[in-house]
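Data first, discussion second: the structure below is written as structure tokens.
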Amino acid sequence: MSTSQSSSESAASPPGPAVPVASPVVHAPRPATRGGALDLLRLLAALLIVVYHFGAESPLRIERFHPVFARGYLATDFFLMLSGYVLGRAYGPSAISGRITHFQFWLRRAARVWPGHLMVLAAMAGLVLALNLIGTDAHKPSRFAWDQLPLQAMLMHAWGFNSDGWNLPSWSLSALIVCYALFPWFWRAASATRRPWLPIVLAAVVVVLFDIAARRTNGFGFAEVPIGLSDLPLRIGVLRAVPLFLLGLCLARAVELNWPSEKAAKILLALGCAGLVALQVIGRFDLPSLTCLAAIILGAGRLPVKHPKAWIEEGAKLSFALFITHILVGVIYWSAVHKLIDTVPIGIGWQWLMWLAGFPLAIGAAWLFHTYVDQPVQDRIMPWVRGRG
């Protein structure tokens, strides 16, 4: 989504165009970009993904109350699109000017997501191993096949390999690793025109073509029935991520060219939010929903952050940790909860309270991981990474 920015890098305002060292021109500072609508939406999307994954553990599956609870995949699509947008704003000019090489860019992005992923995966493997040693299994043990662990560790499990278990959301990190490699070429292509709307239209066509191809080939041959882009199996998630990442990147290019106007951006943001809510109420419409998400990103991204909120910025920074740790927290918590329910008669009301308690636990664990594990690791490795290449 990406759901995967470092606190130190993502907190910085996107740099402007390259300026020769000897130039006497002084540029005004870029307006604040953190603590605003996009950061708030990023945090909300992370929370919706947790609701989507934890919904299967509720006393009654929550999609029985309304089908909208089964559409958490839209939050992941939003993250993939937003990843392209944020990286376009942060690194696009540097990629064009040569201030950062292709390899440097990929290395920085890989270094941002890989260590956290490996630490969570190692903790998960240690937990499963410990439970096996004492003669029991983790909740839903079929998800923890040891032969799939190497692919997960190498972040290759969304490239067509059969490895859908372990830390399920990490498929998007596997797909984004490919998107990071393609980013410089995508950005150069989007920058080939000064017409801000043209790359957006072309990227939207790519998204539609991928969706049509998925439906006509039964998920590119990986499904038995026709399925759309958002339904692709996780093991070919790269085919879902690339077109959405590209669309987000093209939205960033439009904002870099100061398009649309602020007035039009406000209208886009309002219509995108209203349209997305209306579509979820009346039924499942994936491509129109993606259109609304694109409108929300473009509208919110174009508007300056006039009153940044520190808590929103911190919440957005926490979103990556929440994204990669909530499954581990769920394995621990739901293993204990279901064992307790199987042992002691517990009323349905208490079961719902125990389910709700999983959310503050997930958020608290994410904060601990971000504060005491992931961010300290990033603070140590990023200076070395920035010096490479």
Can you establish whether the number of heavy atoms outside W350 located under 6.0 Å from its atom CH2 is more than 12?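 No.
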
If you draw a 6.0 Å radius around CZ in R188, do more than 12 non-hydrogen atoms from other residues or ligands fall strictly inside? yes

Can a donor-acceptor pair be found, under 3.5 Å and without considering hydrogens, that links the side chain of [X] to the backbone of [Y]?
X: H117; Y: Q152; value: yes
X: Q148; Y: H157; value: no
X: N218; Y: E224; value: yes
X: Q104; Y: T101; value: yes
X: S97; Y: S94; value: yes
X: W106; Y: I177; value: yes
X: D39; Y: I312; value: no
X: R235; Y: A158; value: no
X: R253; Y: P196; value: no

Assess, by modelled atom type and distance only, whether the side chains of [X] and [Y] contain a donor and an acceptor separated by less than 3.5 Å.
X: S191; Y: W187; result: yes
X: R195; Y: T193; result: no
X: E57; Y: H338; result: yes

Please name all residues satisfying side chain to side chain donor-acceptor pair (under 3.5 Å) with H66, sequence neighbours left out, ordered by chain then number. none

Side chain to side chain donor-acceptor pair (under 3.5 Å) filter on T291, not counting sequence neighbours, yields none

Kindly determine whether L74 and L48 satisfy side chain to side chain contact (heavy atoms under 4.5 Å, CB included), including the steps that lead there. CA-CA 9 Å; L74 289 174; L48 286 173; over 6 Å; no

Nearest 0.5 Å, please: how far is [atom2] in [Y] from [atom1] in [X]?
X: M154; Y: L151; atom1: CE; atom2: CG; value: 5.0 Å
X: S170; Y: I327; atom1: OG; atom2: CD1; value: 9.5 Å
X: L318; Y: Q375; atom1: CG; atom2: CD; value: 11.5 Å
X: L361; Y: L356; atom1: CG; atom2: CG; value: 11.5 Å
X: L244; Y: L239; atom1: CG; atom2: CG; value: 11.5 Å
X: L107; Y: I100; atom1: CG; atom2: CD1; value: 9.0 Å

Which atom pair, heavy atoms only, marks the closest approach of [X] to [Y]?
X: S172; Y: F323; value: OG-CZ, 3.1 Å
X: V385; Y: A111; value: CG2-CB, 3.8 Å
X: R240; Y: S230; value: NH1-O, 3.6 Å
X: S174; Y: M156; value: OG-C, 3.6 Å
X: A362; Y: L322; value: O-CD1, 3.7 Å
X: W171; Y: L80; value: CH2-CD1, 4.1 Å

Ring pair (Phe, Tyr, Trp, His ring centres under 6.0 Å) partners for [X], two or more places apart:
X: W185; result: H102
X: F105; result: Y91, F183
X: F161; result: none

Check the pair L87 / L249 against side chain to side chain contact (heavy atoms under 4.5 Å, CB included), numbers first and verdict last. CA-CA 7 Å; L87 294 184; L249 179 151; over 6 Å; no

Could you check if a side-chain atom of [X] sits within less than 4.5 angstrom of a side-chain atom of [Y], using non-hydrogen atoms only?
X: L229; Y: D286; result: no
X: L182; Y: F245; result: no
X: W166; Y: L328; result: no
X: W259; Y: I200; result: yes
X: F222; Y: T217; result: no
X: F69; Y: R61; result: no
X: I324; Y: L173; result: yes
X: L290; Y: F78; result: no

May I ask whether [X] and [Y] are part of the same hydrophobic cluster, defined by side-chain heavy atoms of I, L, V, M, F, W, Y residues being less than 4.5 angstrom apart, directly or through others?
X: I49; Y: V277; result: no
X: I267; Y: L293; result: no
X: V128; Y: L168; result: yes
X: V281; Y: Y52; result: no
X: V113; Y: V373; result: yes

Using the side-chain contact (heavy atoms from CB on, under 4.5 Å) criterion, which residues pair with T325? Sequence neighbours excluded. V120, A366, F369

Test side chain to side chain contact (heavy atoms under 4.5 Å, CB included) applied to L202 and C250, step by step: CA-CA 9 Å; L202 294 177; C250 291; over 6 Å; no

Result of checking V206, V208, I212 against F210 for side chain to side chain contact (heavy atoms under 4.5 Å, CB included):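 Exactly one option meets the side chain to side chain contact (heavy atoms under 4.5 Å, CB included) with F210, and it is V206.
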
Run the salt bridge (Lys or Arg N to Asp or Glu O under 4.0 Å) test on R216 and D211 for me, step by step, so that the C-alpha distance in whole Å, both residues' side-chain angles and the decisive distance to 0.1 Å come before the verdict. CA-CA 9 Å; R216 292 191 175 180; D211 186 76; over 6 Å; no

Between F359 and W355, how do the two ring planes meet: parallel, tilted or perpendicular, split at 30° and 60°? perpendicular

Assess whether a salt bridge exists between D231 and R284, defined as any Lys/Arg side-chain N lying under 4.0 Å from an Asp/Glu carboxylate O.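 Salt bridge flag = yes for R284 with D231.
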
Between K317 and E313, is the closest basic N to carboxylate O distance under 4.0 Å? yes

Step by step, work out the side chain to side chain contact (heavy atoms under 4.5 Å, CB included) result for L149 and F144. CA-CA 8 Å; L149 196 60; F144 305 105; over 6 Å; no

